[in-house]
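Heads up, the thing below is written out as structure tokens.
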Amino acid sequence: MKKALVTFICLSTLISCSTDAINSSDFEAGDTFTDSDIRVVQLDTMTVDFSTMKFDSIDTSQSSRMLVGKYNDPVFGTVKTASFMELIPSSYYIDTDAEYDSITFLLRPDNYYYNDTLQSNTIHIKQVTENLKPADGVNFYNTSTIDFDEEDLGSLTYYPRPIGTDSLEIKLTDSLGQGLFDNLQLKKITTYDELKNYFYGITMQPDDEDDGAVIGFSLTSNMRLYYTIAEENERTQYSTDFLINTSSSPVPFFNQISADEPNEYLKTLTDQEFNLHSSETGNLSFIQSGIGIATRLEFPNIKTVFDIQGQGTLLDASLKIAPAISSYNDALALRDTLSVFIVDQNNELTSQLISTDGSAAQAILNRDNQEFNDIYYELPLSGYLEGLLSVDQESSDALILLPSNYNSTVDRFVLNTDINTQGTTLELTYAIYDEDE
């Protein structure tokens with residue numbers, strides 16, 4: 001099983017609390033509270049341990065889009081994405097009277113982009129030179145490699161308009177088109193296996209000099225082979241589409257995603273089970289989808305609430321984490337939500353965290369005071385922390401923060417985990433009853 005690397009950030013703080021009397025309108029007390037004196041304790045400096053984890057690899061063969069592009073990031077390094085795919089024709093039949101015309105690739109943007117779309121991007125389409133079969137026989141990952149010819153089948157330099165609906169059309173070499181046309185027309189290729197033996201597929205690569213954006217393209221994009229057939233008074237054009245194969249098992253498609261020469265903190269992430277403490281990272285935590293870098297959360301001292309005199313119950317819990325100032329801008333944008341997953345002691349992902357209402361838990365970005373640089377992600381945690389409080393033994397699990405579509409994006413985040421500044425705060429609302437006089 002593929003693993004993930006982890007950067008560990010720890011905040012050692014003491015518990016401080018303020019108490020306020022609670023009246024009957026503040027909450028509905030159950031039988032447990034009957035005939036009890038009740039007050040609420042608000043805890044806002046509970047210890048939180050953070051880490052930045054990096055998965056050894058991410059399964060990108062299940063990605064919802066192609067990712068192609070390259071840019072330089074001041075924190076995460078040179079981010080590069082390329083797509084590899086097998087193509088299958090909509091039909092293996094071409095009329096014997098047909099004549100070859102041309103071949104192109106139609107790329108359809110799917111509205112995803114990351115970084116600077118004002119810069120030009122270049123796409124190079126190259127022919128794959130080996131079977132698109134994963135090394136482990138199961139999945140392709142962001143770290144997978146497949147050989148390909150250096151010579152272009154076609155290329156295009158363009159200025160991204162990812163929100164638009166217009167397709168990009170890249171003309172491909174006639175040697176590719178004529179070869180496929182001849183083999184289909186002469187019935188040398190009539191099945192999927194015969195096609196695979198002749199044409200392994202293609203890869204889409206960014207230019208080495210690009211420093212623009214990563215652009216998402218729909219998996220409905222396709223290669224189109226044009227040919228004509230003579231009619232009575234004119235020649236009529238026809239075409240055969242070659243579609244991206246996402247139905248075979250294992251899927252012969254994946255996005256290769258890398259980030260070279262990141263900052264010194266991230267260079268230490270070389271093993272999934274390694275945790276880098278926040279005292280060694282300037283109280284910062286990092287997230288990058290596609291590469292598999294995630295913020296890891298633990299609550300080692302949560303049971304110190306039991307030190308408060310009297311019997312009690314957790315009413316509410318909320319974790320607020322602020323993005324580091326100057327770590328984001330219009331190009332390196334923040335997303336509105338982060339998903340929350342559970343990992344075990346070896347940082348293997350086990351499940352997604354579920355909220356008390358049964359929905360998937362999310363950290364939601366609050367922008368109400370953005371003009372004052374007071375923005376933060378807020379994550380409700382009452383259900384999760386209540387579970388930690390209800391068991392006798394300490395949990396070896398932890399939470400991680402990642403975008404929900406982490407295998408289809410390259411979104412990145414730098415979080416401020418310093419509880420002594422405008423950063424992380426864990427706020428607990430704890431009800432005390434049957435307190436000794």
Side-chain angles (χ1 to χ4, degrees), residues 4-13 44-55 73-77 79 114 259 262-269 275-300 317-329 331-343 347 353 361-370 372-381 384 398-404 406 409-427:
L5 294 176
V6 182
T7 317
F8 189 67
I9 302 175
C10 176
L11 299 174
S12 284
T13 58
D44 60 8
T45 54
M46 178 71 71
T47 298
V48 182
D49 284 358
F50 289 85
S51 59
T52 303
M53 66 166 288
K54 180 185 175 185
F55 289 99
D73 187 294
V75 176
F76 294 87
V79 178
Y114 203 74
N263 68 19
E264 294 302 315
Y265 301 142
L266 299 179
K267 285 181 181 178
T268 65
L269 301 178
N275 298 315
L276 180 64
H277 200 277
S278 63
S279 61
E280 300 178 37
T281 61
N283 291 319
L284 298 175
S285 177
F286 305 92
I287 300 172
Q288 187 179 30
S289 57
I291 298 297
I293 298 174
T295 287
R296 189 176 193 271
L297 311 172
E298 291 184 278
F299 308 90
S318 177
L319 177 64
K320 297 178 180 179
I321 312 175
I325 295 175
S326 301
S327 69
Y328 56 92
N329 51 43
L332 301 173
L334 298 172
R335 302 305 187 189
D336 290 336
T337 62
L338 289 169
S339 291
V340 190
F341 301 89
I342 300 174
V343 293
N347 296 323
L353 183 67
Q362 289 187 317
I364 299 175
L365 186 62
N366 185 314
R367 300 179 184 265
D368 291 346
N369 294 313
Q370 185 168 354
F372 304 108
N373 286 324
D374 181 18
I375 66 174
Y376 55 86
Y377 285 95
E378 185 167 11
L379 172 62
L381 283 174
Y384 178 74
L399 302 181
I400 63 167
L401 300 178
L402 269 176
S404 59
Y406 60 84
T409 63
V410 291
D411 300 352
R412 42 81 86 199
F413 310 80
V414 182
L415 305 179
N416 174 14
T417 64
D418 188 351
I419 202 167
N420 297 311
T421 62
Q422 191 178 25
T424 297
T425 304
L426 176 61
E427 298 177 350

Mind listing the closest non-hydrogen atom pair of [X] and [Y] along with its distance?
X	Y	value
Pro262	Leu266	CB-CB, 3.8 Å
Asn347	Met53	O-CE, 3.7 Å
Asp73	Val75	OD1-N, 2.7 Å
Phe341	Pro403	CE1-O, 4.4 Å
Leu365	Arg335	CD2-O, 3.7 Å
Tyr384	Leu353	CD1-CD1, 3.8 Å

Hey, could you give me the [atom1]/[atom2] distance between [X] and [Y], rounded to the nearest 0.5 Å?
X	Y	atom1	atom2	result
Ile400	Phe55	CD1	CZ	4.0 Å
Phe413	Leu338	CZ	CG	4.5 Å
Ser318	Leu381	OG	CG	7.0 Å
Ile287	Ile321	CD1	CD1	7.5 Å
Leu401	Arg296	CG	CZ	12.0 Å
Asp418	Ser285	CG	OG	13.0 Å

query: Is a side-chain donor or acceptor of Ser289 paired with a backbone partner of Asp411 at a separation under 3.5 angstrom?
result: yes
Expected output: side-chain Tyr114 to main-chain Ala333 donor-acceptor under 3.5 Å: yes
query: Is there side-chain contact between Gln288 and Val79, with at least one heavy-atom pair below 4.5 Å?
result: yes
field: Pair Ile291-Phe286, side chain to side chain contact (heavy atoms under 4.5 Å, CB included): steps then yes or no
entry: CA-CA 11 Å; Ile291 298 297; Phe286 305 92; over 6 Å; no
message: side chain to side chain contact (heavy atoms under 4.5 Å, CB included) for Tyr376 and Thr425? Distances and angles first, verdict last.
response: CA-CA 10 Å; Tyr376 55 86; Thr425 304; over 6 Å; no
field: Criterion side chain to side chain contact (heavy atoms under 4.5 Å, CB included) against Tyr377, the qualifying member of Asn366, Leu334, Thr337
entry: Leu334
